[in-house]
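Because only heavy atoms are used, hydrogens play no part in the values below, and waters and symmetry mates are left out as well, while side chains stay in.
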Amino acid sequence: MEKFTLEILFHIIGIGAASGLIFKDQKLYIISDNSSYLYEYQMDSKDLKKHELLPNPTENTPKKDKADFESITEFQDNIYVFGSGSSAKRNKMILFNLQQNKKSQTNDLGNLYTVMQNFASIAPEDFNIEASAYNGQNWYFLNRGNGPNSRNTLFHVEARKLDEEFKLMSNDYKLPKIKGVRCSFTDAVLVENKLYFLATAEKTTSTYKDGEILGSLIGRIDLETMKIDFTKKISAANKFEGLTVFKIASDKIQFLLCEDGDSNNLQSTIYKLTLNKR
């Protein structure tokens, strides 16, 4: 995985602080950690729609009030959106069905998040779920290690539904540094039995406060061995927070990425990352 290309694909006006995205049927479904909407962007027509995820939805919600939607994943016709769990107001999971009138259902994951913290001995100030993936039987959550103790943790929850009985496992990872700062998980996507992930170096020891952005990398975890196959620095300036598969060929894999510029500007840039397969 030595060679890669990273390029700007297009800009979207009307979405700020993009924190996750899914490519499906020539559409992008995008979340923002400042917003309580799910955005649907038709790539061909450039049409942008907004779907309410919460009652009385807002954009550029004040930090102390926001649901902090940081991760998004999909399976079949369902899209799942997760709050980061970094405060009591950030424990929501939204189930959004693409076929049944596109209505959303809200669940509180406070109990599950508490079990995850206790199981992995992660203090509340170190808990910050930034990535999720689901294959119909197994859920994967990545805790971003931007808290005081840099806990980059992968949680594996074996369950069809998160409100049912489940089996829980966890693994910790020590990610590379960029300019002396340890990288921390920001998103992930499943490709067969591999978990491709993004990680960013940000000069902060808080899951709540932003810091200076020092760059981002991509990597891959083998879900059979739970070991990291590789990491590759892809930027010295961007805080990439969204990752979705775009195209897969015999020798290359392409992803779409979005970034959170930590501003209130309602504009998002979508990038295309091409990696050579190993």
Exercise. Between the side chain of Thr200 and the main-chain N/O of Lys239, is any donor-acceptor distance below 3.5 Å?
Worked result: no
Exercise. Counting only N and O atoms by type, is there a donor-acceptor contact under 3.5 Å from the side chain of Asn128 to the main-chain atoms of Ser86?
Worked result: no
Seminar exercise, completed: Ser170 and Phe119 have their tightest heavy-atom pair at OG-CE2, 3.6 Å
Problem set entry | Cluster check Leu54, Ile72: I/L/V/M/F/W/Y, side chain < 4.5 angstrom | yes
For this session: Evaluate the side chain to side chain contact (heavy atoms under 4.5 Å, CB included) criterion for residues Phe240 and Ser235: first the C-alpha distance (whole Å), next the side-chain angles of each, then the deciding distance (0.1 Å), finally the verdict.
Result: CA-CA 9 Å; Phe240 290 122; Ser235 171; 3.8 Å; yes
Problem set entry | Verify same cluster id: Ile129, Leu112 (apolar side-chain graph, 4.5 Å) | yes
Exercise. With sequence neighbours left out, what residues match Thr274 under side chain to side chain donor-acceptor pair (under 3.5 Å)?
Worked result: Gln254
Problem set entry | Any donor-acceptor pair under 3.5 Å from Asp25 side chain to Lys27 backbone | no
For this session: Using a cut-off of 6.0 Å, state whether more than 12 heavy atoms not belonging to Gln137 lie near its atom CD.
Result: yes
For this session: Give a yes or no on whether Glu192 atom CD has more than 12 heavy-atom contacts from other residues, nucleotides or ligands under 6.0 Å away.
Result: no
Exercise. Can you tell me if Asn146 and Ser184 form a side-chain donor-acceptor pair at under 3.5 Å?
Worked result: no
Exercise. Do Leu175 and Phe185 touch side chain to side chain, with heavy atoms closer than 4.5 Å?
Worked result: yes
Exercise. Given Arg144 and Glu202, is the salt bridge (Lys or Arg N to Asp or Glu O under 4.0 Å) satisfied, shown in steps?
Worked result: CA-CA 11 Å; Arg144 185 179 178 194; Glu202 188 172 4; 2.7 Å; yes
Exercise. Does the side chain of Ile218 reach to within under 4.5 Å of the side chain of Phe255, using non-hydrogen atoms?
Worked result: yes
For this session: Dump the intermediate steps for side chain to side chain contact (heavy atoms under 4.5 Å, CB included) on Ile221 and Asn171, then the final yes or no.
Result: CA-CA 11 Å; Ile221 297 173; Asn171 293 81; over 6 Å; no
For this session: Kindly state whether the ring of Phe82 and the ring of Phe141 have centres lying under 6.0 angstrom apart.
Result: yes
Exercise. Looking only at heavy atoms, which two atoms of Pro176 and Thr231 are closest? And how far apart?
Worked result: CG-OG1, 3.5 Å
Exercise. Does the side chain of Asn78 come under 3.5 Å of the side chain of Tyr134 through a donor N or O and an acceptor N or O?
Worked result: no
For this session: Determine, stepwise, if the pair Lys247 / Lys272 fulfils side chain to side chain contact (heavy atoms under 4.5 Å, CB included).
Result: CA-CA 10 Å; Lys247 294 178 182 178; Lys272 182 173 72 174; over 6 Å; no
Seminar exercise, completed: The side chain to side chain donor-acceptor pair (under 3.5 Å) partner of Asp126 among Asn149, Thr153, Asn143 is Asn149
Problem set entry | Evaluation steps, side-chain hydrogen bond (donor to acceptor under 3.5 Å, both in side chains), between Asn238 and Ser216 | CA-CA 6 Å; Asn238 300 89; Ser216 294; over 6 Å; no
Exercise. Should the pair Lys92-Asp108 be classified as a salt bridge under the 4.0 Å nitrogen-to-oxygen rule?
Worked result: no
Exercise. Just by distance, do the side chain of Asn152 and the backbone of Cys183 share a donor-acceptor pair under 3.5 Å?
Worked result: yes
For this session: Say whether, by atom type as modelled, one donor and one acceptor occur between the side chain of Ser104 and the main chain of Phe96 under 3.5 angstrom.
Result: no
Seminar exercise, completed: Smallest heavy-atom separation, Leu168 atom then Val157 atom, equals CD1-CG2, 3.7 Å
Exercise. Just how far is it from atom CZ of Phe246 to atom CG of Leu9, taken to the nearest 0.5 Å?
Worked result: 6.0 Å
Exercise. Between Thr244 and Ile22, what is the shortest heavy-atom contact and its length?
Worked result: OG1-CA, 3.6 Å
For this session: Give a yes or no on whether the backbone of Ser121 and the side-chain of Arg151 come within a donor-acceptor separation of less than 3.5 Å.
Result: yes
Problem set entry | Those residues that, when tested against Ser19, pass side chain to side chain donor-acceptor pair (under 3.5 Å) (two or more places apart) | none
Exercise. Is the number of heavy atoms from other residues, nucleotides or ligands under 6.0 Å of Asp172 CG greater than 12?
Worked result: yes
Seminar exercise, completed: Taken to the nearest 0.5 Å, the spacing of Asn118 CG from Met116 CE works out to 11.5 Å
Exercise. With side chains defined as the heavy atoms from C-beta onward, is the minimum distance between Met43 and Ile270 less than 4.5 Å?
Worked result: no
For this session: Let me see the working for Glu40 and Lys102 under salt bridge (Lys or Arg N to Asp or Glu O under 4.0 Å), right down to the final yes or no.
Result: CA-CA 11 Å; Glu40 178 185 332; Lys102 299 187 174 181; 3.1 Å; yes
Problem set entry | Lys174 side-chain N/O to Arg182 backbone N/O, donor-acceptor pair under 3.5 Å | no
Exercise. Okay, side chain of Ser32, backbone of Gly16: is any donor-acceptor separation there less than 3.5 Å?
Worked result: yes
Problem set entry | Partner of Tyr41 by ring pair (Phe, Tyr, Trp, His ring centres under 6.0 Å), out of Phe23, Phe10, Tyr29 | Phe10
Exercise. Which distance, rounded to the nearest 0.5 Å, do you find between the CG of Asn91 and the OG1 of Thr114?
Worked result: 7.0 Å
Exercise. In the single-linkage hydrophobic clustering (I, L, V, M, F, W, Y; side-chain heavy atoms under 4.5 Å), do Tyr196 and Leu6 co-cluster?
Worked result: yes
Exercise. Are Leu275 and Leu256 connected in a single hydrophobic cluster, I mean Ile/Leu/Val/Met/Phe/Trp/Tyr linked by side-chain heavy atoms less than 4.5 Å apart?
Worked result: no
Exercise. Going only through I, L, V, M, F, W and Y residues with side-chain contacts under 4.5 Å, is there a path from Ile248 to Phe230?
Worked result: yes
For this session: Would you mind reporting whether Leu273 and Tyr271 have side-chain heavy atoms less than 4.5 Å apart?
Result: no
Exercise. Say you draw a straight line from CD of Glu259 to CD1 of Ile213; how long is it, rounded to the nearest 0.5 Å?
Worked result: 7.5 Å
Exercise. Hey, what's the ring geometry for Tyr140 with His156, parallel, tilted or perpendicular (30° and 60° as the breaks)?
Worked result: parallel
Exercise. Are side-chain heavy atoms of Glu241 and Asp33 found at a separation under 4.5 Å?
Worked result: yes
Problem set entry | Verdict with supporting geometry, Asp187 and Leu257, side chain to side chain contact (heavy atoms under 4.5 Å, CB included) | CA-CA 10 Å; Asp187 206 6; Leu257 284 66; over 6 Å; no
Seminar exercise, completed: For Ile31 and Glu70 the tightest heavy-atom approach is CD1-C, 3.8 Å
Problem set entry | Reported CZ-to-CG distance for the pair Phe69 and Leu53, which is rounded to 0.5 angstrom | 5.5 Å
Exercise. Is the closest side-chain donor-acceptor distance between Thr61 and Asn34 under 3.5 Å?
Worked result: no
Problem set entry | Phe166 vs Trp139, ring-ring contact (aromatic ring centres under 6.0 Å, His included): CA-CA, chis, key distance, verdict | CA-CA 10 Å; Phe166 59 85; Trp139 301 83; over 10 Å; no
Exercise. Is a side-chain donor-acceptor pair under 3.5 Å present for Tyr37 with Glu59?
Worked result: no
Exercise. Where do Ile122 and Phe127 come nearest, in terms of heavy atoms and distance?
Worked result: CG2-N, 3.9 Å
Exercise. Any chance CD of Glu165 has more than 12 other-residue heavy atoms, nucleotides or ligands included, within less than 6.0 Å?
Worked result: no
Exercise. At what distance, to the nearest 0.5 angstrom, does CG of Asn193 lie from CG of Leu223?
Worked result: 5.0 Å
